[in-house]
Number of protein chains: 2
Amino acid sequence: MSRKAFQRLSLDDRRRSLMEATLVCVAQHGLHGATVRRIAEEADVTAGLVRHYFGSKDEMIRTAYAYLVGQLTARASDSAKQTEGDADLQLRQFLRANVTMPNLSEQKVSLWATFIGRVRYDPQFAEIHREGYREFLNLLEALVEPVLVAHKRPHSAAICKRHAIALNGLIDGLWMEGSLNSGLYSQALLPDILVEASERLLGLPPGSLSIPQATQEH
Amino acid sequence: MSRKAFQRLSLDDRRRSLMEATLVCVAQHGLHGATVRRIAEEADVTAGLVRHYFGSKDEMIRTAYAYLVGQLTARASDSAKQTEGDADLQLRQFLRANVTMPNLSEQKVSLWATFIGRVRYDPQFAEIHREGYREFLNLLEALVEPVLVAHKRPHSAAICKRHAIALNGLIDGLWMEGSLNSGLYSQALLPDILVEASERLLGLPPGSLSIPQATQEH
DNA sequence: CCATTTGTTATACAATTGAATAATTTTACG
DNA sequence: CGTAAAATTATTCAATTGTATAACAAATGG
């Protein structure tokens with residue numbers, strides 16, 4: 001009887017591979033069903049490696065959570081940065097990125113919710129959540145301010161923050177319910193609903209955050 | 001060595017007692033840590049009763065989830081119904097009830113998130129979620145329509161639904177992030193943020209959903 | 001080509017889990 | 001007051017869990 005053949009991976013590759021396997025298992029079976037053995041099997045290794053790379057299952061799950069949060073924010077942020085110059089367009093892209101693929105994903109919402117449920121009784125999860133939320137709020141605030149300025153709307157720090165909080169709530173809620181897709185409406189509506197609602201929240205003229213017709217090619 | 005003394009409860013009382021113990025344990029330790037033994041201890045009974053009343057742990061947890069969702073919606077709905085007559089005031093009360101105690105609660109959000117995480121891989125949880133979401137959306141739609149009518153805003157069925165979807169997203173997001181209270185802002189701001197944002201979303205004049213000064217007694 | 005390091009597998013183990021069954025106590029009723 | 005039915009406790013059991021340890025194999029550098 002021969003042992004399983006295997007190849008060594010770099011530290012980063014192996015860790016990422018294990019984190020992604022963790023996310024897959026948590027999404028598929030919940031924290032409860034995401035056992036070390038199942039995760040190891042998903043990553044095509046044996047269970048002992050978890051200890052080797054993360055010390056414990058809990059530590060691996062924490063790391064995977066932070067990995068997920070970072071990914072979500074980065075996707076939206078990158079989408080905004082891709083379009084340079086126009087403040088309206090940047091905000092628009094940021095908003096839309098949150099309610100379209102790949103961020104609009106039942107699996108990601110499912111994961112996110114599962115982890116959020118742990119924030120309350122696990123201080124280390126609370127810390128990861130707080131950091132992620134803060135970063136997202138700051139990003140949003142930084143995107144909102146120039147838009148308000150451009151449209152000559154009130155834009156004190158307090159007002160910007162208030163708008164960012166409300167917008168963030170709107171984004172989170174639509175992202176979540178939209179991803180879970182209860183079948184009560186089409187997911188394709190979400191970007192427009194979000195953009196239009198954001199215009200209203202910020203007190204912008206209707207259509208401000210729509211694509212300028214001139215630069216629209218397709 | 002004598003057995004533990006006990007008293008018989010009515011079927012409904014015992015079931016509710018077990019469901020509430022389930023919620024306490026899930027909030028405190030997650031689905032993972034909410035073992036039958038711990039839940040039984042919390043309800044001050046022995047583990048066997050779970051089987052007797054629910055058949056299985058999973059069935060008990062499902063029932064507790066439906067119980068929680070019903071409670072959340074009922075609280076908001078009751079709050080709206082308490083104020084009769086004025087459509088604006090009813091919507092206002094409904095909104096505020098979602099971001100004030102007892103619905104604004106880290107424990108409730110924590111529970112809700114934990115269960116949402118299960119919607120994806122457990123069809124019975126998905127059914128409970130869908131039903132709860134539909135009911136909430138309908139309630140919201142029914143509250144929004146007369147407000148739009150009163151303010152002579154567009155109020156076709158499609159528009160009402162669209163508003164309900166956006167409003168629901170806003171409520172969910174603010175309720176969640178506000179309850180988790182990352183410490184980035186005061187929870188006391190939430191009702192005003194939500195009400196003001198809702199006015200904007202619906203295109204109402206500022207202050208429409210504030211308490212009418214004339215009828216304000218305290 | 002050999003030796004050493006360490007990434008990886010394989011096995012073992014104590015603890016805990018959900019559920020099943022048996023024993024006992026409470027309640028209701030005649 | 002006694003007796004049957006039902007609720008509750010106590011105990012047992014097989015399965016699964018996370019982790020620890022030992023055996024092995026792959027890459028690395030001389």
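Proteins get letters first, then strands, A, B, ... in listed order; numbering begins at 1 in each.
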Rounding to a whole Å, what distance do you find between A:L31:CG and D:dG18:C1'? 15 Å
Quick one: on DNA chain C, does A:T46 or A:R37 contact a more 5' nucleotide (nearest heavy atom)? A:T46
If you go through the side-chain atoms of B:R51, does one of them form a donor-acceptor pair with the base of C:dG18 closer than 3.5 Å? no
So, is A:H52 close to the C:dT8 phosphate, meaning a side-chain N or O under 4.0 Å from OP1 or OP2? no
Of B:Q7 and B:R38, the one whose nearest nucleotide on DNA chain C sits closer to the 5' end is B:R38
A:T35 side chain: which of C:dT9, D:dT17, C:dG18 is closest? D:dT17
D:dT17 P sits how many Å from A:I39 CD1, rounded? 11 Å
When we call it a touch if two heavy atoms are under 4.0 Å apart, what does B:Y53 touch: a base, just sugar-phosphate, or nothing? sugar-phosphate
Spacing between B:L11 atom CG and D:dA6 atom P, to the nearest angstrom: 13 Å
Do A:R14 and C:dG7 share a donor-acceptor pair, side chain to base, under 3.5 Å? no
Answer yes or no: is there a side-chain heavy-atom contact under 4.5 Å between B:N98 and B:F94? yes
Between the main-chain N or O of A:L194 and the side-chain N or O of A:S198, is there a donor-acceptor pair closer than 3.5 Å? yes
What contact category does B:V50 fall into here, base, sugar-phosphate, or nothing, at under 4.0 angstrom with non-hydrogen atoms? nothing
Report yes if the side chains of B:Y65 and B:V26 come closer than 4.5 Å at any heavy-atom pair, otherwise no. no
For the pair made of NE2 in A:H32 and C1' in C:dT17, what is the distance, rounded to whole Å? 8 Å
Of the options D:dT9, D:dT19, C:dA19, whose atoms approach the side-chain atoms of A:V36 most closely? D:dT19
Quick note, B:K57 side chain, CB onward, closest among D:dT19, D:dT8, C:dG18 is C:dG18
In whole angstroms, how far is the C1' atom of D:dA26 from the CG atom of A:D13? 17 Å
From CG of B:L18 over to C1' of D:dT8, roughly how many Å is that when rounded to an integer? 11 Å
Ignoring the backbone of A:L9, work out which of C:dT8, C:dA10, D:dT8 is nearest its side chain. C:dT8
Nearest-Å distance for atom pair CZ/C1', residues B:F54 and C:dG18: 16 Å
State whether the side chain of A:K108 and the backbone N or O of A:L68 hold a donor-acceptor pair below 3.5 Å, judged by distance alone. no
To check you understand the geometry: which heavy-atom pair defines the closest contact between A:I165 and B:L174, and what is its length? O-CD2, 3.7 Å
Quick one: A:L49 CG to C:dT11 P, roughly how many Å, whole number? 16 Å
